[in-house]
Amino acid sequence: MTALIPLALAAALLPPLLGWISIAPNRLLSPRAAALPGNPPVLAAAVLYYLSLLGTLLSACRPRLSWLPEAATILAILFLSATVGLGTAAALPADSTVARAAPAAGAWLSLLVLSLALAAAAVMRGGMPALPLLVGLFGLTVLGATGVLDSLSLMREAAGRAAELRDALAGHVALSLAALLLALMLAVPFSALAMGRPRLEAAFLTAASSIQVIPSLALFGLLIAPLAALASAFPVLRELGLGGIGPAPAILGIAAYLVLPLARGILSGLRVAPADLVEAARGQGLSPSGVLWGLRVPLGAGVMLGALRLAAVQAVGLATLAALVGGGGLGTLVFQGIGQLATDLILLGVFPVLALSLVVDAGLALLARLVPA
Amino acid sequence: MIRFDGVSHQYGALEALRGVSFEVPAGALCVLLGESGSGKSTLLRTVNRLIEPTAGRVLLGGRDVAGIDPQALRRGIGYVIQSVGLFPHRSVAANVATVPRLLGWDRPRVEARVDALLEMVGLDPGAYRDRRPATLSGGQAQRVGLARALAADPPVLLMDEPFSALDPGTRRGLQVALRRIHAETGKTILLVTHDLEEALVLADRIAVMAEGRLVAEGPPAEVLGPGAPEAVRRMVRTGALALHRLAALPAAGAAEDGPALGSPGLPAGATLEDALLLMLAHGTGSVSLEGAPPRHLSMAAILRASAP
């Protein structure tokens with residue numbers, strides 16, 4: 001746990017050195033670091049921030065309750081956010097409606113360092129890093145709901161685009177889920193077929209891995225032409241929503257990347273049961289499907305769930321690129337933001353992607369723990 | 001009960017079995033003895049069709065096994081292997097209940113059967129029923145493996161080097177348990193081993209295999225007798241064959257009438273080997289057999305009985 005000490009010290013020093021908050025005259029101009037206003041709520045939040053950091057330091061030096069460093073670090077993240085939120089509310093010029101406030105470099109870097117410390121503490125305790133990060137994220141959501149962070153540029157952006165954000169999030173989940181299901185529909189029967197046929201398995205895995213070397217954006221692009229041709233040849237398909245542009249190439253492309261991790265996971269999961277155990281099971285009179293469902297699947301469930309987790313997280317990440325072929329999802333906000341050089345808009349797309357990945361990762365990891373080894 | 005009729009098996013160019021023919025009578029404990037690669041395991045597995053003969057046939061109770069559905073066949077034959085092969089994700093009780101469940105027995109019947117079997121193999125059902133295989137010692141696991149094989153009360157038990165991975169003490173305990181179970185249940189047992197001593201402890205009949213062929217078959221004393229084939233002689237240290245033969249011969253067969261005063265007593269049912277060891281331990285030339293009428297056994301009688 002002593003590895004947390006330099007991280008906590010960095011989190012303490014960065015904001016005063018590189019700035020807590022920054023103010024920009026409007027949404028598109030670059031922000032400049034501004035002084036932290038010295039009113040009582042801001043000072044109180046800052047003091048609580050340093051007390052939390054002290055808590056992280058002390059609990060890291062003298063480990064008594066194993067989750068204490070994580071709890072203190074989550075509190076530090078929340079109080080740092082509150083300090084920045086209250087500080088920007090006080091520092092924004094009262095006469096300007098277009099001025100924007102954001103955390104300054106020091107505060108951003110501290111948040112990054114603290115997230116790192118949180119994940120590290122969880123790993124050192126032997127837990128999953130995603131779980132405390134999710135708790136921290138939940139705390140930030142609650143803090144956002146209280147209105148403390150309302151003056152932040154990011155929150156203003158979110159308030160202005162609430163409907164758009166909701167649609168993008170729903171679209172993102174739908175894209176990831178559709179791609180994951182499609183990949184499962186390919187990987188499961190192929191794995192079942194390739195089991196015990198080494199040459200078919202080699203051919204199948206080679207095909208699946210050769211897709212991995214194509215850059216994702218190029219793959220989406222490559223799919224546009226054939227899908228467009230298909231849609232114009234068969235108008236029925238167009239009615240169903242298939243086309244060169246839109247969710248179809250994105251889902252197909254993402255699914256193509258997921259087939260390899262899924263198939264490899266399923267195949268190695270099916271091999272977890274040792275050969276002599278399978279032989280013993282056959283000798284007892286178990287049918288081939290009895291051997292599969294009574295022995296191979298339960299013993300390989302951990303490995304297979306691990307592969308599903310990897311593929312699901314990959315799906316959430318890849319779905320961000322769907323926006324480039326008109327597929328929607330949170331990438332829409334990210335690429336709009338890049339196009340407009342509007343950092344807040346980019347972050348508005350990026351943070352939900354991050355949160356979604358964490359939720360999927362932690363959820364499936366918890367599920368895998370329920371499976372007896 | 002089990003009849004091998006010209007059974008051959010070929011793995012590619014390798015002839016694992018070359019026309020093996022013999023019969024295991026019902027209720028016998030027949031040990032298939034041979035060095036590794038002699039084809040004994042392959043032969044065993046033709047009985048439950050884990051391996052199909054490329055020529056010849058295997059008859060079980062008069063029926064050609066090739067005509068029986070493999071899964072139904074296997075559910076009617078107990079099968080025990082060296083690595084035990086217990087399902088690690090299931091409790092001891094669930095492992096023992098594998099075949100009864102496949103056969104669709106109702107729950108109370110399965111549970112009663114599991115407890116009775118654990119009892120039979122010498123494990124307390126209350127203490128072991130709910131344990132996982134990973135928490136068992138090698139000997140306990142193999143006892144559970146034996147209980148699992150006996151679960152559906154199959155008339156035939158196939159055992160492939162069941163005790164080879166155990167330490168000597170544990171192995172002896174399981175051999176004794178198997179002999180007792182065999183005597184109690186009257187199952188026909190075909191057991192594969194490469195260990196001559198194990199064969200002598202367990203077997204009613206020994207079938208010796210070498211290079212895919214059956215080289216000798218019959219009661220132990222006969223197989224190890226004066227006319228023992230070369231393959232059998234190769235398995236034992238020079239001169240040790242006679243010593244092993246003593247273990248296969250009952251002491252009562254060589255005894256003479258009349259008491260031998262002052263000589264140590266030998267329990268009824270002992271072998272000539274036991275008699276010789278007793279003489280060596282006491283430095284005497286004769287032992288008396290316990291029981292009536294008084295009989296005794298001399299060193300000379302042992303020499304006569306074991307003479308080639």
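Throughout, protein chains are lettered first and strands after them, A, B, ... in sequence-line order, and every chain is numbered starting at 1.
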Is there a side-chain contact (heavy atoms from CB on, under 4.5 Å) between Asp276(A) and Gln82(B)? Walk through the geometry before answering.
CA-CA 9 Å; Asp276(A) 54 355; Gln82(B) 179 181 348; over 6 Å; no

### Side chain to side chain, Asn48(B) and Arg282(A), heavy atoms closer than 4.5 Å
no

TODO: Please tell me if the side chains of Leu277(A) and Leu86(B) come closer than 4.5 Å, counting only heavy atoms from C-beta onward.
DONE: no

Under 4.5 Å to a heavy atom of chain B? For Ala273(A) that would be neither

Above 12 or not: heavy atoms from other molecules or residues under 6.0 Å from [atom1] of [X]?
X         : atom1 : answer
Phe138(A) : CZ    : no
Arg63(B)  : CZ    : no
Phe204(A) : CZ    : yes

Note: vs chain A, highest number of non-hydrogen pairs under 4.5 angstrom among Ala151(B), Pro70(B), Gly85(B) is Gly85(B)

From [atom1] ([X]) to [atom2] ([Y]), nearest 0.5 Å:
X         : Y         : atom1 : atom2 : answer
Leu102(B) : Leu286(A) : CG    : CG    : 5.0 Å
Arg74(B)  : Ser287(A) : CZ    : OG    : 10.5 Å
Gln284(A) : Gln71(B)  : CD    : CD    : 12.5 Å

Among Pro274(A), Ala280(A), Gly283(A), the residue with the most heavy-atom pairs under 4.5 Å to chain B is Gly283(A)

